[in-house]
Structure formats: structure tokens, C-alpha cells
Protein chains: 2
Amino acid sequence: METVSENRSHGGTQGVYSHSSGQTGTEMTFSVFVPDHAEGAKLPVLWYLSGLTCTHANVTEKGEYRAACAEHGVIFVAPDTSPRGDDVPDAADEYDFGKGAGFYVDATQQPWSKHYRMRSYIESELSDLIASNFPVDMERQGITGHSMGGHGALTIGLRNADRFTSISAFSPIVAPSQVPWGEKALGRYLGDDRSAWREYDACALIEDSARHPNILVDQGTADNFLEEQLQTHRLAEACNAAGIDATIRMQEGYDHSYYFISTFMAEHVGWHAERLKA
Amino acid sequence: METVSENRSHGGTQGVYSHSSGQTGTEMTFSVFVPDHAEGAKLPVLWYLSGLTCTHANVTEKGEYRAACAEHGVIFVAPDTSPRGDDVPDAADEYDFGKGAGFYVDATQQPWSKHYRMRSYIESELSDLIASNFPVDMERQGITGHSMGGHGALTIGLRNADRFTSISAFSPIVAPSQVPWGEKALGRYLGDDRSAWREYDACALIEDSARHPNILVDQGTADNFLEEQLQTHRLAEACNAAGIDATIRMQEGYDHSYYFISTFMAEHVGWHAERLKA
């Protein structure tokens, strides 16, 4: 693991690091904020998965999470959204597929399956790297994300409910199997057999009996993607049908941008911290 | 005035606007955050002047001021740092002169004097535009800024102590006449006669009898520019000699970046708000 940069901020250290990933076969970059803490202390960790077109940098610069993480003593990890590099196949003119759009799946189709392994990268490889290199208590993990990353947080959290105590999301894609962004990405990464998509679809996972006691979702009512791509109501319906007591809030007038995310970030950090007994 | 964008954020509206400036002879862009407020209410305003290479966008995206401005009911205005456009003379390979480096002066030298009129732009033209288009109480104004913009805040605030109730700065250039950034910029914008520089130098203004009761400065000790360009101690010495009770704080381990600014931004907003009786 190499240190790209470290800056003191909000009574802690905002770092950016890179490493050679065995899962993606590429160099991967991620950011970690570590609040000041007592020598030898282990802190809970909140994972943040970013949306389409983003890298670790967007939330690191615009997310406004550091004050709340410092207050609550929570480590914040922000991975990239896809493999990168000249060797990685891409769909150059498509912002919603290929680089910047890994959709947190392990691709099974050519030519994507060699590098596009963001599920295993997040769930296993980066998780191990974080555990080895930062003062984290891996018994206390929460996960959140935005848009495509909200989809990532919900699906990774639901599949690993024993590992992630709390799941939240900002404007998530809740049912990728049923909306254009998701049908395109899952179809090309995973193939035509839609049964293979279900473990990458929060609503399908819940239909297939995944459960979680701590889910918080914020969605802006002025979000241009709400009607066609996000369809928050599907998650509410799936939770209702499954008896899951999720908190799903529509936030009046907010859109899909970091102006929205940053507004509710401190509240999400505090909500996770409470559940992680930070 | 044209609206470039408006986004709901932190219980207010973050706008970006443009207008045709008579002072600079160019189109100018700026951002304004307006917290929600009672119908007909007039809010205090905090001006933020940005540093070298920046536009309005840097602080708007990375400054983390909105939560505090919403809490205290303060309007936040972020202008650009220079005129822009193909007609504006520039020093293309120099980050510290020309576009992005207006130094908040009215240039007197060719070819800069036609467009580089950032002093009059901020003090008069944009001030009038803000007063006419936003719910501001112009009797309650504070000013702050970063680096070159900290220089701008200190000099504009000191020259207009009757208009600006409170002045703060993050890592300001406090004595441009005596450091390389300032000697270069003031020399080229204003000419060789150093007596003309003094109204654009916070320490010289204080030596020449400018006074202000409310000055707050934060400076990181790990700032790469501290020793050569910023020289905070000169401001402390000038204030001491003049009997000005300024608060000048050295912040251990912080650098020159927005990771530093954002850390102390909420405190600066609160400090101004208290003095503006927000």
C-alpha cells in the first residue's frame, strides 16, 4: 500500500492510498479518514461507495463527513467505483458503463470478467487491506453510498448482514433489474440470465429473504433520476412486504448532487455511530 | 444577472450566478448561499475571497460553510479571483499572476489596468449587485478569505472598517510588499512606486493607521507557504505595534489546503455571526 497524500483535517488525518489489487488486476486508489484516537484504540468503520462517474475523490472533497466522523470517532473509507488503467476494457462514450461504473458486481461476461470484480474487491480484498493497515474494529462496520453506490451499500450490506451492523444510502438505485441503468450494466456484466442479477438487486435480495434491522435511506424529491432510475418506492414496498422496518425519507426539494449528500451526511454518520456504539 | 445553477443544500439555496461587469469589462461568475429565512427578513452577509488559481467553485464545493451559515442565518458570497475570457491579458504559464490571481487590486499598469479591477469590482459593483438581488442587510457585513483572498479580506476590511464589522482569514498573505508573490503581483499591476502598494498590504495599512476591532486569523503550521509567502508573524507584530487586539492562531499540523479551511470554517462563520448579531 502506498500513501498518495495525507492531510490534517478536522482533528484527524485524511489520507489517499493506492495498492495493486489482485481482484481487479489493476492499481486501485481509495481514501481513508482516521480521527485522532487514543493509542491502541480500534475505531468503527463506515464504508462509502460512490456513484456513476465518481472516484474516491468526489466524496473526499465534497462529502462533508470529516467533522461528524471526528466527533463520533468513526473511520471513513471511500473506494473507487471501478478498475482503472489502459488495460481495462471500457465503454468510452458511456458514462453509465465501464470505467467509473463497476456497479459493485463480479462480472462473469467477456471482456469484463477479468478486471470488473468490484464485489470481491470491496467485500474481501480492500476489507482485508483496511483491517491490516488502519486502527479499525472490524466487528463494528457500517456501509453507505450514493446512487450506484447506494445500490452497492444496500446489496453488500444485505448479503453480509452479519458484518455490516448498519446500512444507509443517499438516492440509491434500489432495483437495478427494473431500471435502464441497471438493466444495461447487469446485462452486460452478468449476461442475459436475470436470475444471476438477483444478488445485485436490493429489492430482489429482500424478496429472496435477505433481512436487515438497520436501514436508512434519504432521497431528494427534486432528483432528476428519481422516476426513471431510482424508484425509491420499490424499496419501501419490498421492505413493507418483508416486514423490514426501514427508514426511507423523501427530502423535499433536494436533487441528486453532493449538495444533497453533504446536507444529510453528518446525520448518517451519527446514525451509524449510534448503531456501532462509537 | 443570470442564474447558472441553484441547488437546495443544508436548508437553503446554493446558487451560482453570472453578470456582465462594468468594472472588469467581462462576464463574472460568483456563488451565493442563502439560508431559508422568514419572508421579508434581511440576513447578514459574509464575503469569502478565494486564493490563487481558484474560482468561486473551490470554496463552494469544498468549503463546508453551508451548515454553519444555515445555523446562524448568514448569507455567504464567493466571487471569482480575476477577470476571465479570451480578451483578458494573462500570464499563461504563471499560476501566481494574471487570470486566477487578481490580488484584489485596481491595476494601474498596461496591459492590466483595463480588466484587472477586482478591488472596485468587490467593493462597489458586486456589492451593489448583491444588495439589489439578495435578502442581505448591508449594515451587517463580514469578510474572510484564503491566502491571496485572506490578503483581500484583510485589506478590503481594513480600508472599509465602517462597512465590515468583522474580518477573518485563513493562511493570508499579510504583507505582500515583502514576499515574492506580492512583490511580483503588485509590481506588475501597480508599477515600481512602492508607495502605491501600501493600500494593498495589510501590514502597511496598519502601519499607516488603519484599525479594526475584530480580526481573526488561522494559519497552519505545516503550510508550505508559511515561511516564504505568508509570514504571519508580520501581522502579529503590526497589530501589536498598533495596539490592535487581533486573534492570530497557529494551528498545529494543518497545511494550505481546503482540508484546513473546511476544518475551521464553521468556527469562522460562528465568530462572524456573533459579531454581526445574526
Side-chain angles (χ1 to χ4, degrees), chain A residues 4-16 31-36 54 56-71 76 78 170-171 218-224 226 249-270, chain B residues 4-16 31-36 54 56-71 76 78 170-171 218-224 226 249-270:
Chain A
V4 176
S5 63
E6 287 185 338
N7 298 76
R8 185 148 183 81
S9 193
H10 286 283
T13 302
Q14 179 61 62
V16 177
S31 82
V32 182
F33 177 70
V34 180
D36 291 351
C54 290
H56 70 282
N58 304 68
V59 72
T60 305
E61 295 176 354
K62 303 179 188 178
E64 301 192 20
Y65 56 82
R66 281 176 288 269
C69 284
E71 178 189 345
F76 191 97
F170 303 89
S171 26
D218 275 314
Q219 171 63 53
T221 63
D223 185 327
N224 288 334
L226 174 54
R249 309 187 298 194
M250 301 304 289
Q251 300 289 0
E252 189 65 29
Y254 287 89
D255 60 24
H256 200 67
S257 71
Y258 271 91
Y259 294 114
F260 162 62
I261 301 169
S262 62
T263 299
F264 296 98
M265 179 64 86
E267 197 175 336
H268 280 237
V269 171
Chain B
V4 176
S5 63
E6 286 186 337
N7 298 77
R8 185 148 183 82
S9 192
H10 286 283
T13 301
Q14 179 61 62
V16 177
S31 83
V32 182
F33 177 70
V34 180
D36 291 352
C54 290
H56 71 282
N58 304 68
V59 72
T60 305
E61 295 176 354
K62 303 180 188 177
E64 302 192 20
Y65 56 81
R66 281 176 288 271
C69 285
E71 178 189 345
F76 190 98
F170 303 89
S171 26
D218 275 314
Q219 171 63 52
T221 63
D223 185 325
N224 289 333
L226 174 54
R249 310 187 298 194
M250 301 305 288
Q251 300 289 0
E252 188 65 30
Y254 286 89
D255 61 23
H256 201 67
S257 71
Y258 271 91
Y259 293 114
F260 162 61
I261 301 169
S262 62
T263 299
F264 296 98
M265 178 64 85
E267 196 174 336
H268 280 237
V269 171

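All chains are named by letter (A, B, ...) in the order of the sequence lines, taking the proteins before the strands, and each is independently numbered beginning at 1. The figures that follow rest on heavy atoms only: side chains count, while hydrogens, waters and symmetry mates do not.
To the nearest 0.5 Å, the span separating NZ on Lys62(B) from OG1 on Thr60(A) amounts to 10.5 Å. Note that the CZ atom of Arg66(A) and the OG1 atom of Thr263(B) stand 7.5 Å from one another [nearest 0.5 Å]. Here Asp255(B) contributes atom CG and Glu6(A) contributes atom CD; the two are 11.5 Å apart, rounded to the nearest 0.5 Å.
Contacts between Gln251(B) and chain A at a heavy-atom distance below 4.5 Å are absent for every atom of the residue. With a 4.5 Å cut-off on non-hydrogen atoms, Asn7(B) touches chain A through its backbone and its side chain both.
Legend: residues meeting ring-ring contact (aromatic ring centres under 6.0 Å, His included) with Tyr65(A), ordered by chain and number and at least two apart, are Phe76(A).
In terms of heavy atoms, Gln14(B) sits closest to Tyr259(A) at CG-CE2, 3.7 Å. When all heavy atoms of His10(B) and Tyr254(A) are compared, the closest pair comes out as N-OH, 3.6 Å.
Put simply, of Ser257(A), Ala67(A), Ser262(A), the one with the most heavy-atom pairs under 4.5 Å next to chain B is Ser262(A).
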